[in-house]
J.: 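Quick one: the structure is below, questions incoming.
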Amino acid sequence: MGAIQALRGTRDILPAEVGYWQKVEAVVREILGKASYREIRTPVFELTSLFERGIGEATDVVGKEMYSFQSRGKKPYSMTLRPEGTAGVVRAYIEQKLHAAGGVQRLWYTGPMFRYERPQAGRQRQFHQVGVEVLGTADPRADVEAIAIATDILQTLGLKNLHLDLNSVGNSEDRQRYREALIAYLTPYQAELDPDSQDRLTRNPLRILDSKDKRTGEIVQDAPKLGDYLCDDSKRHFERVQNLLTQLGIPYQLNHRLVRGLDYYSHTAFEIISDDLGAQATVCGGGRYDNLVSQLGGPDTPAVGWAIGLERLIILLQQLDTLPPTPLDFYVVSRGEQAEENALVLAQKLRHAGFSAEVDLSGSAFGKQFKRGDRSGASACLILGDEEAQNQTVQIKWLATGEQTAITQADLLANPDQLRQQLQTPNPH
């Protein structure tokens, strides 16, 4: 029987790649922390009805892509691995009465999501997102703050070829008027639409606007524009968003076909797109969802949010190759039982003093250990034989110069600041 392999659509994140993930997480925590966003952690599975009611039963996510299964017990119920983060955050906001404190709740989350779709570069069946949700305000400034923070995160990570697509999907009455006009326009072309768009024509016609099918794309070029069906309040909201983006110096382009794929969006919809990712270009997507909280049983609560797909983001960071190697201060080699024990103790003392230290645990000859020390990228190699262990001394070899000296272990640890300065100097002697 062959070795067990990872399931299709899942992948291992190996140590050589993890540094990129840690870099993203560190930047996200710093930037969101400065903007007073607080982290929330919700379960990875929820009642299926949460996503049916929140995302919309007519969406592709609910209709085709969810991992749902029955619970065990006398009264089984359907549960689903979360396909996105917003619905779970809103459920927690309602259930835990976060709205009771009043004011605006600025929340963020990160973690794995699950959708059954064809795996490809940057898109897996288990994938990861970081997202924000701002609940409790209808102010257009919240929309722009969210966009600005997403832009800050991506630019701080070093991404260059980005642009912001912007649209307004109005309120529910605007969308109903537009929906009727769009169906009336598309119905004569029904036979020419791709199969998915034919299916969406009566269930979810707005999704036809972002079809990737060539002929369908040609047909919708002359379709009515949603912006022509916005009421005065919706127009004012969208104009304020655009003015604030201009004041912040964030360039954008209007995309009348941008509707996003989930039913809960209202007013502002946006995507931040990379020109370096080919067909899978969207790095960040989001918008306003003023009716979702009440739709899920909570009080009327306007809200806005976004999510960044981390797999796609990591691909871009790897293309930039901006990740510096993880520095290692000391590589500790030893030979002999007493020396090997002493090496472990010395390394732990160095770590407690704020240094990084790796102990060679191979037990092989000094020559082989020295070769691994050279490959480790350490600044210095600490060498312990039984004589050094007995005398409480250590040989320190500076790998940049090859210079080697003996020092007592007490002196090595006596002045951490001086030792740190030596480590930062290419030729410490």
Side-chain angles (χ1 to χ4, degrees), residues 3-6 11-27 29-30 157-158 314-315 317-429:
I4 296 174
Q5 296 183 334
R11 59 184 294 272
D12 302 305
I13 302 171
L14 300 178
E17 184 186 333
V18 162
Y20 291 98
W21 292 77
Q22 292 172 336
K23 179 178 180 178
V24 170
E25 291 159 4
V27 167
R29 287 183 184 279
E30 180 180 3
L157 288 167
I314 298 302
I315 289 173
L317 294 181
Q318 289 173 323
Q319 290 174 2
L320 291 170
D321 196 25
T322 57
L323 192 68
T326 304
L328 178 63
D329 295 326
F330 297 107
Y331 191 85
V332 187
V333 304
S334 57
R335 185 81 170 149
E337 184 175 348
Q338 187 177 0
E340 289 170 355
E341 293 176 359
N342 190 198
L344 198 63
V345 172
L346 179 60
Q348 194 71 350
K349 288 179 178 178
L350 286 165
R351 293 169 190 146
H352 288 166
F355 300 98
S356 57
E358 179 181 345
V359 180
D360 190 306
L361 300 175
S362 67
S364 55
F366 271 130
K368 290 185 178 179
Q369 294 190 52
F370 289 149
K371 288 181 181 178
R372 280 191 288 270
D374 288 334
R375 292 194 300 267
S376 71
S379 297
C381 191
L382 298 179
I383 307 160
L384 287 155
D386 282 337
E387 182 179 344
E388 283 82 11
Q390 189 171 357
N391 297 330
Q392 286 294 289
T393 60
V394 63
Q395 298 282 333
I396 180 167
K397 180 180 180 181
W398 299 98
L399 294 177
T401 64
E403 183 175 350
Q404 182 172 322
T405 56
I407 186 174
T408 68
Q409 294 182 28
D411 286 344
L412 179 70
L413 296 161
N415 193 334
D417 290 338
Q418 181 180 344
L419 182 58
R420 195 167 287 109
Q421 188 174 1
Q422 288 178 302
L423 288 165
Q424 294 169 354
T425 305
N427 185 356
H429 295 288

J.: Any non-hydrogen side-chain atom of I407 less than 4.5 Å from a side-chain atom of T393?
T.: no
J.: CD of Q392: more than 12 outside heavy atoms within 6.0 angstrom?
T.: yes
J.: First locate atom CD of E388, then atom CG of L346, and finally report the distance between them rounded to the nearest 0.5 Å.
T.: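 Answer rounded to 0.5 Å: 11.5 Å.
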J.: Can K397 be said to sit on top of F370's aromatic six-ring, NZ or CZ under 6.0 Å from centre and within 45° of the ring axis?
T.: yes
J.: If we only count heavy atoms from C-beta on, is the L413 to L419 side-chain gap below 4.5 Å?
T.: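 They are not in contact (no side-chain heavy atoms under 4.5 Å apart), so the answer is no.
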J.: Does a side chain donor of either E25 or W21 reach within less than 3.5 Å of an acceptor in the other side chain?
T.: no
J.: I want to check a possible cation-pi pair here: R420 against F355, using under 6.0 Å from ring centre and within 45° of the ring axis as the test.
T.: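 The answer is yes; both the distance and angle limits are met.
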J.: In Å, rounded to the nearest 0.5 Å, how long is the span from CD1 of I314 to CD of Q319?
T.: 12.0 Å
J.: Can you confirm whether E387 sits close enough to Q395 that some side-chain heavy atom of one is under 4.5 Å from a side-chain heavy atom of the other?
T.: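 Of all side-chain heavy-atom pairs linking Q395 with E387, none is under 4.5 Å.
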J.: Indicate the atoms forming the closest heavy-atom contact of P327 with S356, along with that distance.
T.: O-OG, 3.6 Å
J.: Check the side chains of S364 and R372 for a donor-acceptor pair under 3.5 angstrom, ignoring hydrogens and angles.
T.: yes
J.: For a quick test of reading the model, state the closest non-hydrogen atom pair linking S334 to A339 and the distance between them.
T.: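 Of all heavy-atom pairs spanning S334 and A339, the closest is CB-O, 3.7 Å.
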J.: To the nearest 0.5 Å, what is the distance between CG (D329) and CD (Q422)?
T.: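 Result: 12.0 Å between the selected atoms.
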J.: Would you check, one step at a time, whether the test salt bridge (charged side-chain N to carboxylate O under 4.0 Å, His left out) holds for E358 with R351?
T.: CA-CA 10 Å; E358 179 181 345; R351 293 169 190 146; over 6 Å; no
J.: How about L399 and Y331: do any of their side-chain heavy atoms sit closer than 4.5 Å?
T.: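 When only atoms from C-beta onward are counted, Y331 and L399 do not touch, as no gap falls below 4.5 Å.
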J.: Tell me the closest heavy-atom pair linking L320 and L157, and the distance in Å.
T.: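 The pair with the smallest heavy-atom distance is CD1-O, 4.2 Å.
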J.: Step by step, work out the side chain to side chain contact (heavy atoms under 4.5 Å, CB included) result for E17 and Q318.
T.: CA-CA 9 Å; E17 184 186 333; Q318 289 173 323; 3.5 Å; yes
J.: Determine the minimum heavy-atom distance between G363 and E340, stating which atoms define it.
T.: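 Result for this residue pair: CA-OE2, 4.0 Å.
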J.: CD of Q348 to NE2 of H352: how many Å apart, nearest 0.5 Å?
T.: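 Atom-to-atom, Q348:CD and H352:NE2 are 4.0 Å apart.
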J.: So how far is it from I396 CD1 to I383 CD1, rounded to the nearest 0.5 Å?
T.: 9.5 Å
J.: Is any side-chain heavy atom of L317 less than 4.5 Å from a side-chain heavy atom of V24?
T.: yes
J.: Strictly by modelled atom types, are D360 and S362 linked by a side-chain donor-acceptor pair under 3.5 Å?
T.: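 Looking only at side-chain atoms, S362 and D360 do form a donor-acceptor pair, the distance falling under 3.5 Å.
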J.: Quick one about Q390 and N342 (side-chain donor to acceptor, distance below 3.5 Å, no hydrogens or angles considered), yes or no?
T.: no
J.: Specify the closest pair of heavy atoms between V332 and A347, including all atoms of both residues, with the distance to one decimal.
T.: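 Minimum heavy-atom contact is CG2-CB, 4.4 Å.
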J.: Would you compute the distance between atom SG of C381 and atom CH2 of W398 and round it to the nearest 0.5 angstrom?
T.: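 Reported value, rounded in 0.5 Å steps: 11.5 Å.
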